**Q** 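Input: one structure, supplied below.
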Amino acid sequence: MKYGLIVFSFLWMGAAVPLQAQETLNYSDFLVWVLDYHPVARQADLNLELGRQEIRMARGGFDPKLYGNMDEKQYQGTEYYNKQEAGIVVPTFGGVEIQGMVERNTGTYLSSENTVPENGLLAVGAAVNVGKGLFIDERRAALQQAKIYALAREEERKQTLNDLYLDATDAYWSWAGAYANLKVREEGLRLASIRFEGIKSSFEQGDLPAIDTVESYTQVLNRSIQVQEAENVFFARTQELNVYLWDNDQNPLYLEPGIFPQFLGEYAPGLPDMQDFRELISTHPELRLLDYDLNYLEIDRRYKAEQLKPEVLLKYNFLTESLGGLEGMGFLENNYKFGVKISTPLLLRKERGGLGLAKAKINMVTYKRDLKYQQLRAKLEQEYNTYLVLNNQIDTFRDNINGLERLVEGERTKFEMGESSLFLINARETSLFDALLVKNSLFVKKYIGFSKVRNAAGLGFEVP
């Protein structure tokens, strides 16, 4: 009997001979496209902008502030008073407020303390808290926390991109695996069709009974159904992959029918350097976020501890009618305004409660971080061991498929010699095709497993 001889060696690489004019979407090109244009990647970049704007808001607490007041009273043709004041307050990062003021007051019934020279009075000085707020105050705490917030947003961006990398990798290799399975099913249908034509020809020549044509034709029908199922799975995986394809204007893209994935066997990630990966756990974005939480809470603790001190506010201003009058003026000799304000709660229950709450939050996050470190370390070891097992299974399946190929070839030879049957040939081929499908799934799991190891170590996009 003369009909097609099955050739399985190329199927071990994951797909059949490429079609003419077929375009390939490589895994590396796909990752670059996702990183550049996917909406989640764009959203991750916005985290950096959130951090910058948070710092800008906090720095706004140190913006100079202009102010002006006017208070006037006129009654029955008499100007009782006309008080005018304008000034500027400049907060500094050291906790000192620089103050400048111009005051001009007129009127018949001014109080003596509001009387100033006819041309007005200048005051230049400063105010500082030497008790509560000397080392840290609300403005400085907000700025330090905003800087930590910006650093945390960078880690959130990394984690978002790492998760996107893993999801995109899963989608790509699931798509590639579905394509490889489709090629296996198509090859099975092709062989069954060739066998049916050969058996039908032999029946017409009187060499085989009619029942053999029925059996071979049912095998064609069964494998046609398998091809249809594989086509449906490949179509579904293609739609899932389309979710990750966008253009620069954020318009969704769709793969054309002539675009296919690279062969499964073409990608060889190798074994990760686990010593380096274990060291990377300490810089994992999830751990770094908890570290920044601790830094954030530590600033809050310092601020709450500062509230236990009494408020001691010192104010001092030089007084002069012109800027030139400041020259040679002594500190507390003449023409000045000086004030001291002291206050403190008696029981400090609010302040002590706030400090205790801040300490409790720090302890909670510390315990959470310790647990997270162990969880990440265990996850890394688990994913790495799974990856090693998958590599070993693939090596085992190489020998298994080689043996199944020899069995199919031997059964075909025996059938040509009249010592076998179609049932046995179909059974041998079915075992081989099932093994090829398992092999494809192992390759897919291996490639996704490699990405899981990287993700567990806190790594993401790195185009191979």
Side-chain angles (χ1 to χ4, degrees), residues 54-69 71 83 85-103 111-114 116 121-150 292-320 326 329-366:
E54 192 73 20
I55 292 177
R56 173 182 286 183
M57 289 175 58
R59 284 176 175 165
F62 295 90
D63 288 347
K65 181 180 179 180
L66 294 172
Y67 69 91
N69 299 316
D71 192 9
K83 296 185 290 184
E85 180 182 338
I88 183 172
V89 178
V90 183
T92 66
F93 292 99
V96 179
E97 283 190 349
I98 308 300
Q99 301 173 344
M101 181 186 67
V102 177
E103 185 179 7
S111 61
S112 59
E113 68 179 42
N114 290 326
V116 297
L121 186 66
L122 296 175
V124 179
V128 59
N129 272 308
V130 296
K132 177 172 63 178
L134 176 61
F135 298 108
I136 188 171
D137 55 23
E138 186 175 358
R139 281 191 295 247
R140 282 178 282 176
L143 180 58
Q144 293 177 33
Q145 288 178 330
K147 292 179 179 179
I148 293 174
Y149 177 86
Y292 288 133
D293 282 347
L294 288 173
N295 294 340
Y296 193 95
L297 291 172
E298 175 60 22
I299 294 173
D300 186 58
R301 186 203 64 78
R302 288 176 52 206
Y303 176 71
K304 296 294 176 57
E306 192 77 2
Q307 304 311 299
L308 297 176
K309 300 178 182 178
E311 180 183 2
V312 182
L313 178 62
L314 302 182
K315 289 186 177 181
Y316 180 84
N317 286 280
F318 292 109
L319 302 178
T320 179
L326 298 175
M329 186 173 293
F331 182 65
L332 290 174
E333 294 180 2
N334 195 10
N335 299 337
Y336 67 87
K337 290 173 63 177
F338 179 76
V340 179
K341 177 183 176 182
I342 301 176
S343 66
T344 184
L346 292 179
L347 300 180
L348 293 171
R349 286 183 292 189
K350 178 181 178 181
E351 290 73 13
R352 289 186 287 116
L355 179 59
L357 184 61
K359 290 179 178 179
K361 289 180 178 179
I362 289 175
N363 290 334
M364 290 178 63
V365 176
T366 300

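Because only heavy atoms are used, hydrogens play no part in the values below, and waters and symmetry mates are left out as well, while side chains stay in. Treat the numbers as computed from the prediction; the structure is a model and nothing was measured.
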**Q** Please check this pair: side chain of Arg352 against backbone of Leu308, looking for a donor-acceptor N/O pair closer than 3.5 Å.
**A** no
**Q** My understanding is that only residues two or more places apart in sequence, or in another chain, count here; which of them pass side chain to side chain contact (heavy atoms under 4.5 Å, CB included) with Ile342?
**A**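 Listed in chain order: Val312, Val340.
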**Q** Measure the spacing between CG of Asp300 and CD of Gln145 and express it to the nearest 0.5 Å.
**A** 6.0 Å
**Q** Which residue pairs satisfy the salt bridge (Lys or Arg N to Asp or Glu O under 4.0 Å) criterion with at least one member in residues 88-100, sequence neighbours excluded?
**A** Glu97-Arg139
**Q** In Å, rounded to the nearest 0.5 Å, how long is the span from CD1 of Ile88 to CG of Leu66?
**A**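 Ile88 CD1 to Leu66 CG: 4.5 Å, rounded to 0.5 Å.
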**Q** Hey, could you give me the CG/CE distance between Leu294 and Met364, rounded to the nearest 0.5 Å?
**A**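 Atom-to-atom, Leu294:CG and Met364:CE are 12.0 Å apart.
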**Q** Calculate, to the nearest 0.5 Å, the distance between atoms CG and CZ belonging to Leu357 and Arg301 respectively.
**A**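 If we round to the nearest 0.5 Å, Leu357:CG and Arg301:CZ are 13.5 Å apart.
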**Q** Working to the nearest 0.5 angstrom, can you tell me the gap between Leu313 CG and Glu311 CD?
**A**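 It comes to 6.0 Å.
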**Q** Keeping Arg140 on the side-chain end and Gly133 on the backbone end, is there a donor-acceptor pair under 3.5 Å?
**A**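 Yes.
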**Q** So, for Gly95 and Asp137, which heavy atoms are closest and what is the spacing to 0.1 Å?
**A** CA-OD2, 4.1 Å
**Q** Would you say that Leu122 contacts Val102 through its side chain, given a criterion of any heavy-atom pair below 4.5 Å between the two side chains?
**A** yes
**Q** In chain order, what residues pass the side chain to side chain contact (heavy atoms under 4.5 Å, CB included) check against Ala141, with sequence neighbours excluded?
**A**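 Listed in chain order: Ile136, Ile299, Tyr303.
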**Q** Would you say Lys83 has more than 12 foreign heavy atoms packed within less than 6.0 Å of its NZ?
**A** yes
**Q** Looking at residues at least two apart in the chain, or sitting in another chain, which of them share a side-chain hydrogen bond (donor to acceptor under 3.5 Å, both in side chains) with Tyr292?
**A** Arg288
**Q** Ignoring hydrogens, what is the shortest heavy-atom contact between Ala126 and Asn317? Give both atom names and the distance.
**A** N-OD1, 4.4 Å
**Q** Could you measure the distance from the CD1 atom of Ile362 to the CG atom of Asp293? Nearest 0.5 Å is fine.
**A** 11.0 Å
**Q** Can you sort out the partners of Lys309 under side chain to side chain contact (heavy atoms under 4.5 Å, CB included), two or more places apart, ordered by chain and number?
**A** Lys132, Phe135, Glu306
**Q** Hey, are the side chains of Pro345 and Lys350 touching, using non-hydrogen atoms and a 4.5 Å cut-off?
**A**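 No; the side chains remain at least 4.5 Å from each other.
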**Q** Is any side-chain heavy atom of Lys315 closer than 4.5 Å to one of Lys337?
**A** no
**Q** Can any side-chain N or O of Gln99 pair as donor or acceptor with the backbone N or O of Gly125 at less than 3.5 Å?
**A**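 The answer is no, because no donor-acceptor pair under 3.5 Å joins these two groups.
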**Q** Kindly write out the residues that satisfy side chain to side chain contact (heavy atoms under 4.5 Å, CB included) with Arg56, not counting sequence neighbours, or none if the list is empty.
**A**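 Arg56 satisfies side chain to side chain contact (heavy atoms under 4.5 Å, CB included) with Gln53 only.
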**Q** In terms of side-chain geometry, is the basic nitrogen of Asp63 or Arg59 positioned less than 4.0 Å from the acidic oxygen of its partner?
**A**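 Answer for the salt bridge query: no.
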**Q** Minimum heavy-atom separation for Ala58 to Ala146, with atom names?
**A** CB-CB, 3.6 Å
**Q** Can you check whether Val365 reaches Leu297 side chain to side chain, under 4.5 Å on heavy atoms?
**A** yes
**Q** Which atoms form the tightest heavy-atom contact between Gly61 and Pro91, and what is the distance?
**A** O-CG, 3.8 Å
